[in-house]
Amino acid sequence: MGNMTLPLVVGVDGSDSCLRAVDWAVAEAARHGLPLRLVYGSLWERYEGGLPPVGHERPSEQVLAEHVVAAAADRAARRDTAVTVTTDILPEDAADALVRAGDHAFALVTGSRGRGRLQGMLLGSVGLAVAARAPCPVVVVRGDPAGLAGTHERILLGLGDAETGAEAVRFAFREAEVRGCVLDVVRAWRRPAHDRIGARAAAADTHAERASALLDDLVGDAVTAYPHVRTCRATPEGPPGRILVDRSAAADLVIVGAGHRAGLFGLQLGRVSHALLHHASCPVAVVPQRH
């Protein structure tokens, strides 16, 4: 089944963060010509919030779920009537429901915070769990108004190594082509602590050259496959998480790859991914490397 036949799946829960994710996903679905699938997953007994009481009766969680998906679907339809929208209510843990939906999704989209008691967290537990476990790209919609609105006309790709970056490169180039925007490709590096003081300048040149060579090698095929995508390449020295978070302020989407842990279920969400998921100024896409 080709990617273009798969839906863009959005996790909905009635929160403001979820509604921002729906808005972002509608625009993304329209760009790629994809249907939109809105998924509500919940173990009813875990929720205490919901709709205000009607009369003396508290509405059931099923009524709440129906209200949430209907409101999200109505919002999506008002954003773009050309995007096909379907809804699903799944009586299971929200993260499990979305991860399962990711088996047949172009990508999964979540908000950065849920409607539970821990709304003050930098990133909701569902978004973090989905980003770490999903078999497809996951976009956590967060950031400032400019990043959410896509006004920068730039995408930021943070490159690690070949084991985690190949799928992220393809995803980033395809996204830049569809948006018709510039793709900033960044490979940060840090010199070893044991470099001698007198040799630091030469060592810096060596490390920068290696980073540049690896960057060129990782994007070489994609540059050929997507000749109309304009790229800007950079190999700055410093902590990659901090560098990408800072540069996300001028981007509409930041993309990083993730690799599977040997013998374990899930992905390796390292420090860079965590830093971006918690602090980026624009939506963050985590792209798993397929085996």
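FYI, side chains are in, hydrogens and waters are out, and symmetry mates aren't considered; it's all heavy atoms of this structure.
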Let me check something: do [X] and [Y] share a hydrophobic cluster, defined by ILVMFWY side-chain heavy atoms less than 4.5 Å apart, either directly or through other members?
| X | Y | answer |
| --- | --- | --- |
| L253 | V182 | no |
| V12 | I89 | yes |
| V223 | V169 | yes |

Applying salt bridge (charged side-chain N to carboxylate O under 4.0 Å, His left out), run through R78 and D74 and close with a yes or a no.
CA-CA 6 Å; R78 286 186 281 110; D74 179 68; 2.9 Å; yes
Report yes if some heavy atom in the side chain of [X] is under 4.5 Å from a heavy atom in the side chain of [Y]; otherwise report no.
| X | Y | answer |
| --- | --- | --- |
| V109 | V9 | no |
| L19 | R75 | yes |
| L244 | V272 | yes |
| P236 | R247 | yes |
| V39 | L98 | yes |
| L148 | P283 | yes |
| V219 | F173 | yes |
| T86 | L38 | no |

Could you tell me the separation between the [atom1] atom of [X] and the [atom2] atom of [Y], rounded to the nearest 0.5 Å?
| X | Y | atom1 | atom2 | value |
| --- | --- | --- | --- | --- |
| C136 | L108 | SG | CG | 3.5 Å |
| T231 | I155 | OG1 | CD1 | 12.5 Å |
| D80 | D23 | CG | CG | 11.5 Å |
| I255 | L276 | CD1 | CG | 11.0 Å |
| L157 | L218 | CG | CG | 9.0 Å |
| L156 | S248 | CG | OG | 7.5 Å |

Is the shortest distance from a Lys or Arg side-chain nitrogen in [X] or [Y] to a carboxylate oxygen in the other one below 4.0 Å?
| X | Y | result |
| --- | --- | --- |
| R154 | D252 | no |
| R170 | D221 | no |
| D96 | R100 | no |
| R174 | E177 | no |
| E28 | R179 | yes |

Got a donor-acceptor contact below 3.5 angstrom from the [X] side chain to the [Y] backbone?
| X | Y | result |
| --- | --- | --- |
| E237 | A188 | no |
| R142 | A280 | yes |
| S15 | C18 | yes |
| S17 | S112 | yes |
| H152 | A249 | yes |
| H278 | H274 | yes |
| W189 | G238 | no |

Take W24 and V10, measure what side chain to side chain contact (heavy atoms under 4.5 Å, CB included) needs, and give me the verdict at the end.
CA-CA 10 Å; W24 187 92; V10 188; over 6 Å; no
Over 12 foreign heavy atoms within 6.0 Å of [atom1], [X]:
| X | atom1 | answer |
| --- | --- | --- |
| R271 | CZ | no |
| E153 | CD | no |
| R233 | CZ | yes |

Taking all non-hydrogen atoms of both residues, which atom of [X] and which atom of [Y] are closest, and how far apart?
| X | Y | answer |
| --- | --- | --- |
| G165 | L159 | O-CD2, 4.5 Å |
| P137 | F106 | CD-O, 3.7 Å |
| Y40 | L64 | OH-CD2, 4.0 Å |
| A131 | L277 | CB-CD1, 4.2 Å |

What verdict does the side chain to side chain contact (heavy atoms under 4.5 Å, CB included) test give for R230 and L183, after you've listed the backbone C-alpha separation in whole Å, the side-chain angles of each residue and the deciding distance to 0.1 Å?
CA-CA 6 Å; R230 295 166 292 161; L183 176 60; over 6 Å; no
Can you check side chain to side chain contact (heavy atoms under 4.5 Å, CB included) on T84 and L36, steps first, answer last?
CA-CA 6 Å; T84 300; L36 198 63; over 6 Å; no
